[in-house]
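As structure tokens, the structure follows; a few thoughts come after it.
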Amino acid sequence: MIEVEYKEIPVDKIYVSKANVRTRQIETGVEELAENIRRVGLLHPPIVFKTGDKYELIVGQRRYLACKKLGWSKIPALVTHPLDEAKIRVMSLSEGIHRRALPHADLIDAIEALYMKYGSPKAIAQELGVSEITIRNWLPLSLAPDPIRQMIKEKRIKLTDARRALTAGGDDEEKIVEIAKHMAKMTVPEKRRLVDIAKEAPESSAENLIEEAKKPHVETILKIHLTPKYAKALSSASKDLGLDREDVAKTAVIDWLSMRGFVPSE
């Protein structure tokens with residue numbers, strides 16, 4: 001266990017260690033991180049050590065960059081003694097490996113509580129400093145607009161399609177309902193394309209989204225072999241999220257590729 005000292009350090013005195021393991025897509029998501037820090041503060045200070053009149057940053061590169069974007073002149077940091085390159089890589093890698101996502105059930109409970117306080121996905125997104133579509137993906141279907149809940153109750157729409165309509169329609173209730181009404185007439189690939197297109201063009205009307213989703217489209221189909229343990233976990237996630245197993249698997253693949261730096265920055 002290393003000893004550290006809490007200090008506020010001038011931003012212009014800090015530089016990122018060459019041994020830091022994050023070298024790709026460093027700027028991805030930094031804007032959202034900066035907004036989150038602006039609203040709730042820097043909860044986890046970076047770790048640095050002094051070298052001459054400078055400080056070498058070994059853990060927390062994106063937090064440091066986010067604070068710079070906010071225009072901070074000083075940043076809270078944990079100062080330790082100088083470390084060799086191997087130890088720096090171990091600490092940097094360990095932070096990335098052991099970072100755990102919040103369990104889904106806890107996440108849903110927290111988002112539902114925030115919805116009751118702030119009243120809309122947009123307000124929650126602004127408060128957390130994340131994208132609005134991220135919040136909509138986490139909202140429980142019990143918070144869907146009344147017409148959608150009625151359609152679910154009367155079994156005029158599947159839970160998976162209701163979730164897609166909510167994701168694609170944003171805060172526009174009329175748009176959500178219009179998309180939901182067309183879901184039964186669309187193929188599963190068309191429904192998935194509609195959601196993907198809506199994420200890229202959130203201002204598009206329901207009519208345009210449906211029209212674009214029905215156009216010929218090139219896509220790659222994967223066949224994945226899972227052991228019973230993970231197949232059961234996939235089914236459980238599908239049920240909890242109100243999504244098809246294929247949608248859950250697709251989201252997992254996209255998230256993994258993005259987090260690991262395999263998706264080119266736009």
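By convention here, the first residue in the shown sequence is residue 1.
Ion pair D247/K250 not flagged as a salt bridge, since none of the NZ, NE, NH1 or NH2 atoms sits closer than 4.0 Å to an Asp/Glu carboxylate oxygen.
At most 12 heavy atoms of other shown residues, nucleotides or ligands fall within 6.0 angstrom of atom CD in E174. Residue K158 places its NZ atom among 12 or fewer non-hydrogen atoms of other residues, nucleotides or ligands, all under 6.0 Å distant. More than 12 heavy atoms of other residues, nucleotides or ligands sit less than 6.0 Å from atom NZ of K54.
By the 4.5 Å heavy-atom criterion applied to side chains, I75 and P46 are counted as neighbours. Using a 4.5 Å cut-off on side-chain heavy atoms (C-beta onward), P145 and L166 make contact. Counting only heavy atoms from C-beta outward, the side chains of P189 and H217 never approach each other to under 4.5 Å. The closest side-chain heavy-atom distance from P82 to K50 is not below 4.5 Å. Residues K69 and V30 form a side-chain contact, since some pair of their non-hydrogen atoms from C-beta on lies under 4.5 Å apart. Using a 4.5 Å heavy-atom threshold, the side chains of T51 and Y15 count as touching.
The two residues Y115 and S120 make their nearest non-hydrogen contact at CE1-CA, 3.9 Å. Summarising the geometry of V11 relative to K68, their closest heavy-atom pair is CG1-CG, 3.3 Å, with the distance given to 0.1 Å. Closest of all the heavy-atom pairs between A77 and P45 is CA-CB, 3.9 Å. Nearest heavy-atom pair across K175 and A168 is CE-O, 3.9 Å.
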**Request:** Test side chain to side chain contact (heavy atoms under 4.5 Å, CB included) on R245 and V248 and set out the steps.
**Result:** CA-CA 5 Å; R245 284 158 49 104; V248 175; 5.7 Å; no
**Message:** Let's go through V48 and L78 carefully: what are the C-alpha distance in whole Å and the side-chain angles of both, what is the deciding distance for side chain to side chain contact (heavy atoms under 4.5 Å, CB included) to 0.1 Å, and is it a yes or a no?
**Reply:** CA-CA 6 Å; V48 303; L78 301 176; over 6 Å; no
**Message:** Checking S17 against E56 for the side-chain hydrogen bond (donor to acceptor under 3.5 Å, both in side chains) test, could you report, in this order, the C-alpha distance in whole Å, the side-chain angles of both residues, the deciding distance, and whether it holds?
**Reply:** CA-CA 6 Å; S17 173; E56 184 169 336; 2.7 Å; yes
**Request:** Apply the test side chain to side chain contact (heavy atoms under 4.5 Å, CB included) to residues L57 and I47: give CA-CA distance (whole Å), side-chain angles for both, the deciding distance (0.1 Å), then the verdict.
**Result:** CA-CA 6 Å; L57 185 145; I47 300 176; over 6 Å; no
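Separation of atoms CG (D244) and CZ (R192) is listed at 5.5 Å; rounding is to 0.5 Å. Atoms CD1 and OH, on I9 and Y64 in that order, are 11.0 Å from each other to the nearest 0.5 Å. Note that NZ of K7 is 10.0 Å distant from NZ of K74, once rounded to the nearest 0.5 Å. We find the CD1-CE distance between I111 and M116 to be 12.5 Å, quoted to the nearest 0.5 Å. Between the CD atom in E178 and the CD atom in E207 there is a gap of 8.5 Å [rounded to 0.5 Å]. Atom CD of E212 sits about 7.5 Å away from atom OG of S204, to the nearest 0.5 Å.
As a member of the Ile/Leu/Val/Met/Phe/Trp/Tyr network built from side-chain separations under 4.5 Å, L194 groups with I179, M183, M186, I197, L209, I210. Within the hydrophobic cluster formed by Ile, Leu, Val, Met, Phe, Trp and Tyr side chains joined at under 4.5 Å, directly or through other members, V188 stands alone, with no partner residue.
E154 pairs by the side-chain hydrogen bond (donor to acceptor under 3.5 Å, both in side chains) definition with Q150, R156, not counting sequence neighbours. In this structure, the side chain to side chain contact (heavy atoms under 4.5 Å, CB included) partners of V195, at least two apart in sequence or on a different chain, are R164, T167, K199. Residues passing the salt bridge (Lys or Arg N to Asp or Glu O under 4.0 Å) test with D84: none are found, sequence neighbours excluded.
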For residues 34-44, please give each side-chain donor-acceptor pair under 3.5 Å, one per line with the distance, not counting sequence neighbours.
{"from": "E35", "atom 1": "OE1", "to": "R38", "atom 2": "NE", "distance (Å)": "3.1"}
{"from": "E35", "atom 1": "OE2", "to": "R38", "atom 2": "NH2", "distance (Å)": "2.8"}
{"from": "E35", "atom 1": "OE2", "to": "R39", "atom 2": "NE", "distance (Å)": "2.8"}
{"from": "N36", "atom 1": "ND2", "to": "L128", "atom 2": "O", "distance (Å)": "2.6"}
{"from": "R39", "atom 1": "NE", "to": "Q126", "atom 2": "O", "distance (Å)": "2.2"}
{"from": "R39", "atom 1": "NH1", "to": "E127", "atom 2": "OE1", "distance (Å)": "3.4"}
{"from": "R39", "atom 1": "NH2", "to": "Q126", "atom 2": "O", "distance (Å)": "3.2"}

